Amino acid sequence: MFGLSELAIILIVVAAVLAIKKLPELTRSAGKSARILKSEARAARDADEPGTPRVIQGEAVRREDPDTGTDTGTGTGTGTGTQDTPRG
């Protein structure tokens, strides 16, 4: 009848045929994981260098004073989230 090696080959072929539908999703997931791992490794390496300044992109948001409901920051008070340029 069938030996162990023939049975293993048949199981591998059946698994490959059934996995063809999931192959693009698996490769996409593996690529995403590799990019995340690479960026985390780069961030950990950069964090180890203390002299390197870190720039965090963001947006300045004005806080309202809970007692009066007015802006606590300086500027026009429009609440658009933009920061006034310093005058010197």
Side-chain angles (χ1 to χ4, degrees):
M1 188 100 191
F2 288 112
L4 188 57
S5 62
E6 289 89 4
L7 188 60
I9 292 173
I10 290 173
L11 287 175
I12 290 172
V13 169
V14 168
V17 168
L18 294 177
I20 285 178
K21 292 180 181 178
K22 295 285 185 174
L23 193 60
E25 183 180 328
L26 290 173
T27 55
R28 190 176 306 118
S29 175
K32 223 183 243 188
S33 298
R35 281 192 298 273
I36 290 171
L37 182 64
K38 189 186 292 187
S39 69
E40 289 294 327
R42 188 178 309 127
R45 186 181 62 236
D46 290 345
D48 290 341
E49 299 172 5
T52 308
R54 291 182 54 198
V55 176
I56 300 173
Q57 298 296 326
E59 177 179 325
V61 179
R62 296 183 192 278
R63 237 179 19 165
E64 287 188 8
D65 187 9
D67 296 333
T68 62
T70 59
D71 271 343
T72 58
T74 60
T76 60
T78 59
T80 60
T82 58
Q83 188 175 9
D84 293 335
T85 57
R87 296 184 184 135

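Position 1 is the first residue of the sequence; numbering continues from there. No experiment lies behind these values; they were computed from the predicted model shown.
Put simply, the side chain of Ser29 never gets that close to the backbone of Glu25: no donor and acceptor are under 3.5 Å apart. At distances below 3.5 Å, not a single donor-acceptor pair connects side-chain atoms of Glu40 with backbone N or O atoms of Leu37.
Here Leu4 contributes atom CG and Ile9 contributes atom CD1; the two are 10.0 Å apart, rounded to the nearest 0.5 Å.
With sequence neighbours excluded, the residues forming a side-chain contact (heavy atoms from CB on, under 4.5 Å) with Arg35 are Lys32, listed by chain and number.
Hydrophobic clustering (side-chain heavy atoms under 4.5 Å, transitive across Ile, Leu, Val, Met, Phe, Trp, Tyr) groups Ile10 together with Leu18.
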